[in-house]
Amino acid sequence: MSEGTAGAGPVSADASAAASDSGAALEPVIGLEIHVQLATATKMFCGCELSFGQPPNTRTCPVCLGLPGSLPVANERAVHFGLMIGLALGSQLAPRSIFHRKNYFYPDLPKGYQISQYDEPLCLGGRLGEVRIHRVHLEEDAAKLIHVGESGRIHGSDTSVVDFNRGGTPLAEIVTEPDLRSPEQASEWLRLLRATLRQLGVSDVNMEEGSLRCDANISLRPAGSEELGVKTELKNMNSFRFIERGIRAEIERQREIIESGDTVVQETLHFDPTTRSAGGGAGAITSLRSKEQAHDYRYFPEPDLLPVAIDEAMRQAAREAMSELPAQRAERYRRELKLSADSAQLLAFRSELGDYFEAAHAAHADPSPPAQALANWISGDLAARLGDGEDPAASRVQAPALAALVGLVAAKRVSVGAGRQVLDKLVAEGGEDPAAIVEAQGLASLGGEDELGAIVAAALAANADAAERVRAGNEKAIGPIVGAVMRETKGRADGTEVTRLVHEQLGI
Ligand code: ADP
Ligand code: MG
Ligand code: ZN
């Protein structure tokens, strides 16, 4: 989509060929191109409203149908959103950018060209996390081609029909530098990008519905090499899982080619997660077109549109529309609340967890839980008890109640195991006062050392073999002893304290 732009440098067939000779480990290199549907009211170059499942061909006009004599006008709000994306990614906002016609013939493209940006895009350069941004530009989406197959046979043939509602929808295309090194890193980074775009409010970033689509460019090279290998491009993946699996499958495919002494051919590929690959793994990769069939789009400047001139008022408006972004939020959690990098990132990237965490942290529970413990309970035990991706704010567990519970556990007034039982109850029934649940269910930690000490002594006596092995230095043998104590105390004992008492009583 960013054909002809300066960027990743020349593609070399030598880098991958050298790898097979030397037998050196191969390093994957990945660059992403992301299409983001912008949440404007109207289309990119006409006044038609964006379509959300309206009846086919009811959101069209002469401009987006490409009728002769109609003239496009650039959507100011799409430009505004493009500038916000550029600011969030630390890009340079070009004072002047222009639209080009990208010519190709396809039934979903009524004009015979797509209006896009070419060598003078809206935003240049930038960085998000560990990945450099190459550029961000604006363009229009194509219409939707629907293959109706058997059911739609006309004159005895399978039929395809076109719904032009989507045609002309505004898109921002974000192109990264080839800075990613693994499928997991690619999908993790894409989550950060998605969280960032959602926070900006420029898109509803719904991958299943296609408002965020990702092409992955993939090559391999000998580890340590600076040169880039021949890349292939996996088109249009619309879920994190498929992206990870697709990239993994393509890395394996290239690895086999290189290790058998062949060279990778530059081509555009499609990953189908529902089929099996030739090697038997899940997900087949098929070729859409090779370099020889590559399109020559005959780009030329769109004569019907003025250049986009960005003035200070537009830059200012974009700056003022920005809110705290996920990366900044993670940084704030690390710096001000001393959360671990992993926790900070998890809460910041999943903003519903972050919002809940902040509400719980602000609840001033007594005893007050350490921020890290609170983060662990929210991203661990609580998230696991709620459904996949469910917003804890919509659950029965009120943020102040969770804060109070974590405070009790942190103060060792309740053991971790008993705390989990209280959480089960909060998830099922709600409630404002975990201390009352602890009281009512008799879940408070065992009072003094004496009470617990006696139970440990009994467990040691009942598990004399295990006790002997622990005394002889086999720490793993402690399992049945701790288990006996937990059964006896119904999970109310603190595990660390039990271990300490076992050691003490065994004199080790
Ligand atoms: P094209 O003209 O084929 O679209 P570009 O140079 O514009 O290629 O790059 C498109 C995307 O491919 C960018 O995200 C870039 O980072 C990535 N890319 C370029 N070369 C490679 C490579 N050798 N391996 C992996 N990714 C690459
Ligand atoms: Mg490309
Ligand atoms: Zn229109």
Side-chain angles (χ1 to χ4, degrees), residues 1-16 26-35 40-51 54 57-67 70-73 75 102 110-111 115-119 121 125-128 131-137 140-141 143 164-170 173-183 185-186 189-190 193 214-221 225-235 247 250-251 254 263-269 288-291 294-297 299:
M1 290 291 143
S2 57
E3 279 75 6
T5 55
V11 162
S12 158
D14 300 341
S16 42
L26 291 167
E27 173 189 58
V29 174
I30 303 155
L32 302 178
E33 295 166 276
I34 301 103
H35 287 93
T40 52
T42 55
K43 291 186 180 181
M44 187 66 222
F45 298 112
C46 64
C48 290
E49 283 175 33
L50 298 196
S51 170
Q54 275 78 21
N57 299 308
T58 55
R59 290 279 198 267
T60 62
C61 74
V63 174
C64 56
L65 286 174
L67 300 187
S70 62
L71 287 172
V73 178
N75 184 329
K102 178 180 181 177
K111 297 193 293 291
I115 305 179
S116 181
Q117 293 194 295
Y118 181 51
D119 53 0
R127 165 181 294 279
L128 179 67
V131 175
R132 289 169 302 150
I133 302 297
H134 181 52
R135 57 184 273 158
V136 181
H137 72 249
E140 57 176 338
D141 206 350
F164 287 98
N165 283 354
R166 196 181 69 182
T169 297
E173 179 173 340
I174 299 167
V175 183
T176 77
E177 296 292 352
D179 289 349
L180 294 155
R181 295 291 174 266
S182 72
Q185 193 196 7
W189 184 82
L190 205 57
L193 178 66
C214 180
D215 304 339
N217 296 269
I218 301 156
S219 64
L220 295 181
R221 67 181 175 191
S225 163
E226 293 290 306
E227 239 177 305
L228 291 169
V230 176
K231 77 171 164 79
T232 58
E233 183 171 358
L234 273 183
K235 281 305 230 191
I247 294 176
E250 176 54 11
I251 288 172
Q254 290 189 16
T263 47
V264 173
V265 178
Q266 184 175 343
E267 59 187 335
T268 305
L269 302 167
L288 292 178
R289 57 178 177 267
S290 70
K291 194 180 182 185
H295 287 128
D296 177 355
Y297 294 113
Y299 279 99

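Hydrogens, waters and symmetry mates are skipped; everything else that's a heavy atom, side chains included, is used. Just so you know, ligand 1 is whichever comes first in the structure, and atom 1 is the first atom listed for that ligand.
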Using a cut-off of 2.8 Å, how many protein N, O or S atoms sit around the Zn ion (ligand 3)?
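Of the protein's nitrogen, oxygen and sulfur atoms, 4 lie under 2.8 Å from the Zn ion (ligand 3).
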
TODO: Determine, considering heavy atoms only, which of Arg132, Glu33, Lys231 sits nearest to atom 8 (O) of ligand 1.
DONE: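 It is Lys231 that holds the nearest heavy atom.
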
- [ ] Kindly identify the option in Val175, Ile218, Leu180, Thr176 whose heavy atom sits closest to atom 15 (C) of ligand 1.
- [x]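 Heavy atom nearest to atom 15 (C) of ligand 1 belongs to Thr176.
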
Under the side chain to side chain donor-acceptor pair (under 3.5 Å) test, which residues partner Thr42, sequence neighbours left out?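 Thr42: side chain to side chain donor-acceptor pair (under 3.5 Å) contacts with Asn75.
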
Subject >> With sequence neighbours excluded, residues passing side chain to side chain donor-acceptor pair (under 3.5 Å) with Gln254 >> reply: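 Listed in chain order: Thr232, Glu250.
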
ask   = Would you say the side chain of Leu220 lies within less than 4.5 Å of the side chain of Val264, judging by non-hydrogen atoms?
value =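 Side chain of Val264 against side chain of Leu220, heavy atoms only: no contact under 4.5 Å found.
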
**Prompt:** With a 4.5 Å heavy-atom cut-off, do Pro121 and Arg135 have their side chains touching?
**Reply:**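 Side-chain contact under 4.5 Å: yes.
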
Run the numbers for me: atoms of ligand 1, each under 4.0 Å from some heavy atom of [X], listed by number.
X: Pro178; answer: 16 (O), 26 (N), 27 (C)
X: Val29; answer: 24 (N), 25 (C)
X: Gly229; answer: 23 (N)
X: Ser219; answer: 22 (C), 23 (N), 24 (N), 25 (C)

Exercise for review: Using the ring of Tyr299 (Phe, Tyr or Trp, six-membered ring only), decide whether Lys102 places NZ or CZ under 6.0 Å from its centre and within 45 degrees of its axis.
Suggested key: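 Checked: cation-pi criterion not met.
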
Subject >> Val230, any N or O under 3.5 Å of ligand 1 N or O >> reply: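 No.
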
Only distances under 3.5 Å count here; give the side-chain donor-acceptor pairs of residues 57-64 to other protein atoms, sequence neighbours excluded, each with its distance to 0.1 Å.
from, atom 1, to, atom 2, distance (Å)
Asn57, OD1, Phe164, N, 2.6
Asn57, ND2, Val162, O, 3.2
Thr58, OG1, Pro55, O, 2.6

Would you call Glu177 a ligand 1 contact, heavy-atom distance under 4.0 Å?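 Contact check Glu177 vs ligand 1: positive.
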
Item to complete: Flag the pair Lys111 and Glu140 as a salt bridge only when some basic side-chain nitrogen lies within less than 4.0 angstrom of an acidic carboxylate oxygen.
Response: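 A salt bridge is present here (some side-chain N lies under 4.0 Å from a carboxylate O).
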
Check: Quick check: does any side chain N or O of Arg221 sit under 3.5 Å from a backbone N or O of Glu227, one acting as donor and the other as acceptor?
Finding: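 Yes.
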
For the backbone of Asp141 and the side chain of Thr169, can you confirm whether one donor and one acceptor N or O come within less than 3.5 Å of each other?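 No.
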
What do we get for Asn217 next to ligand 1 when only non-hydrogen atoms under 4.0 Å count, side chain, backbone, both or neither?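 Contact part for Asn217 vs ligand 1: both backbone and side chain.
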
Is ligand 1 under 4.0 Å from a heavy atom in the side chain of Leu32, in the backbone, in both, or in neither?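 Backbone only.
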
Would Asn165 and Gln54 satisfy side chain to side chain donor-acceptor pair (under 3.5 Å), going step by step from the backbone distance to the final call?
CA-CA 8 Å; Asn165 283 354; Gln54 275 78 21; 5.5 Å; no

Could you check Asp179 against Trp189 for side chain to side chain contact (heavy atoms under 4.5 Å, CB included), going step by step and ending with a plain yes or no? CA-CA 11 Å; Asp179 289 349; Trp189 184 82; over 6 Å; no

